[in-house]
There are 2 protein chains.
Amino acid sequence: MHPLFHYINKYTIISEDDFKVFLGHFTQKKIRKKHFLLEEGEIAKHMAFIVKGAMRQYYIDEKGVEHIVNLYVENYWAVDRESFVFCTPSIYTIDAWENCEVLLISRENTLKLRNQCRAFNELLLTLDELNTIATQKRITYSISFTAEIRYKHFVDNYPYFVDRFPQHIIASYLGITKDTLSRVRKKILKK
Amino acid sequence: MHPLFHYINKYTIISEDDFKVFLGHFTQKKIRKKHFLLEEGEIAKHMAFIVKGAMRQYYIDEKGVEHIVNLYVENYWAVDRESFVFCTPSIYTIDAWENCEVLLISRENTLKLRNQCRAFNELLLTLDELNTIATQKRITYSISFTAEIRYKHFVDNYPYFVDRFPQHIIASYLGITKDTLSRVRKKILKK
DNA sequence: AAAAAACGTAGACAAATATCTATAAAATCA
DNA sequence: TGATTTTATAGATATTTGTCTACGTTTTTT
């Protein structure tokens, strides 16, 4: 059975027939390590469901420093939502950290599915709801806690990111430098 | 015409009849300044649409320090989404910064409306979409920029918050202390 | 297998931010 | 009006975090 079918059934009920229609709105693609799903300045033409692999989304500042804003692995949706919805040039880059297999859906096709397929609406609602909850938490941690607590929380809640991305990526995701994360880890190990 | 009717029509199309059904799922309430919409440890029973007034949502840490995670004024929805959706005790407090008039909808009634009213689904989808975009931006700024740039960006994008909340609240929202914000402002004025 | 790139850690120092105490002005309350 | 609370700022100092350079290890590429 298709991996996306399993995935959708975690969130809503969909018949096999509806799923065929659903899947018909996606295209398959392989993205090799270090290649781009989205480059800064481009308009995000697709949402990508990650079947296999790992990706990262980052903002590059005036000094050329990358700031990781999102990490993605299997069953995540990778997209700059703002660019995708408003068709504005993205300030983000999304690239493959590992070789990836993704399913792409265009903005046009999301709108079609929203009209045709109840399950897709349910899915979108649920995903945005969960995303809203998760980002709220991330903001709360970011403004309330020290780097040490934020890192501990990250390790507890996202062990699969810790396994697949190096420390400097995780540091950036947490809004600190790799040097600071290295010190934080040293401090934790001493205890 | 009802303020909520205007509001909904910014995001989707709704007939006056449907709006009556819609509105029937809400209850009116006044919340006086410093009174609570939600207290830490409670389960969020309602989403609140703010017709008039201003509210703030904050997390209180072990030291008793308040960390402002959200600010709300007219036409904002105030809620701890996590608590509301999963019926778990909230870690947040939401209180009225000014005397408020709100429209409350229970979890039960949101689910009813989701089944009955296409416009409500559209509205939810759009709101979560916009919220996803806005929080993504907030996270990007939080991990990428200095306090000074974050504050400038805040003033440019949320002048109506600057007008209605004191500096120490805005400082907390930005994840810095009031002292730091005061210095940042001094530095900006010098230029 | 050799070369190159990426990664993690370390130390010295700089910069940003927090903490604490104090004070004065402004807003609110009684 | 007078008293109280809230708000904003300031200075001195402590703490946290960033910057930079260096080095050894691991991983990847050729």
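Following chains of ILVMFWY side-chain contacts shorter than 4.5 Å, one cannot reach Met47(A) starting from Tyr76(A), and the two form parts of different hydrophobic clusters.
Using a 4.0 Å heavy-atom cutoff across all strands shown, Arg183(A) reaches at least one base atom of the nucleic acid. Note on Leu181(B): nothing from the nucleic acid sits closer than 4.0 angstrom, heavy atoms only.
Rounded to whole Å, atom C1' of dC7(C) lies 14 Å from atom CD of Glu66(A). Rounded to a whole Å, the CZ atom of Arg164(A) is 17 Å from the C1' atom of dT27(D). In this structure, Lys187(B) places its NZ atom 16 Å from P of dT9(D), rounding to the nearest Å. Atom pair Lys33(A):NZ and dT27(D):P shows a separation of 12 Å (rounding to whole Å applied). In this structure, CZ of Phe145(B) is placed 18 Å from C1' of dT17(D), rounded to the nearest angstrom.
For Asp179(B), the side-chain atoms get nearest to dT21(C) when compared with the rest of dT21(C), dT17(D), dG8(C). Among dA18(C), dT9(D), dG8(C), the nucleotide with an atom closest to any side-chain atom of His168(A) is dG8(C). Considering only side-chain atoms of Thr180(A), the nucleotide from dT17(D), dA10(D), dT17(C) that sits closest is dT17(D). Residue Lys178(B) has its side chain nearest to dT9(D) when only dA18(C), dT9(D), dT9(C) are considered. For Thr177(A), counting side-chain heavy atoms from C-beta on, the closest listed nucleotide (dT19(D), dT9(C), dA8(D)) is dT19(D).
Using modelled atom types, no side-chain atom of Ser172(A) and backbone atom of Ile169(A) make a donor-acceptor pair closer than 3.5 Å.
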*Kindly indicate, with the supporting measurements, whether the criterion ring pair (Phe, Tyr, Trp, His ring centres under 6.0 Å) is fulfilled by Tyr160(B) and Phe165(B).*
CA-CA 9 Å; Tyr160(B) 49 89; Phe165(B) 294 96; 9.5 Å; no

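A sub-4.0 Å separation between OP1 or OP2 of dT9(C) and a side-chain N or O of Gln167(A) is present. For dA10(D), the OP1/OP2 oxygens have a side-chain nitrogen or oxygen of Lys186(B) closer than 4.0 Å.
Between Tyr141(A) and His153(A), the ring planes lie parallel to each other; the angle is under 30°, not in the 30° to 60° tilted range. Ring pair Phe161(A)/Tyr173(A) is tilted by interplanar angle, where 30° to 60° counts as tilted.
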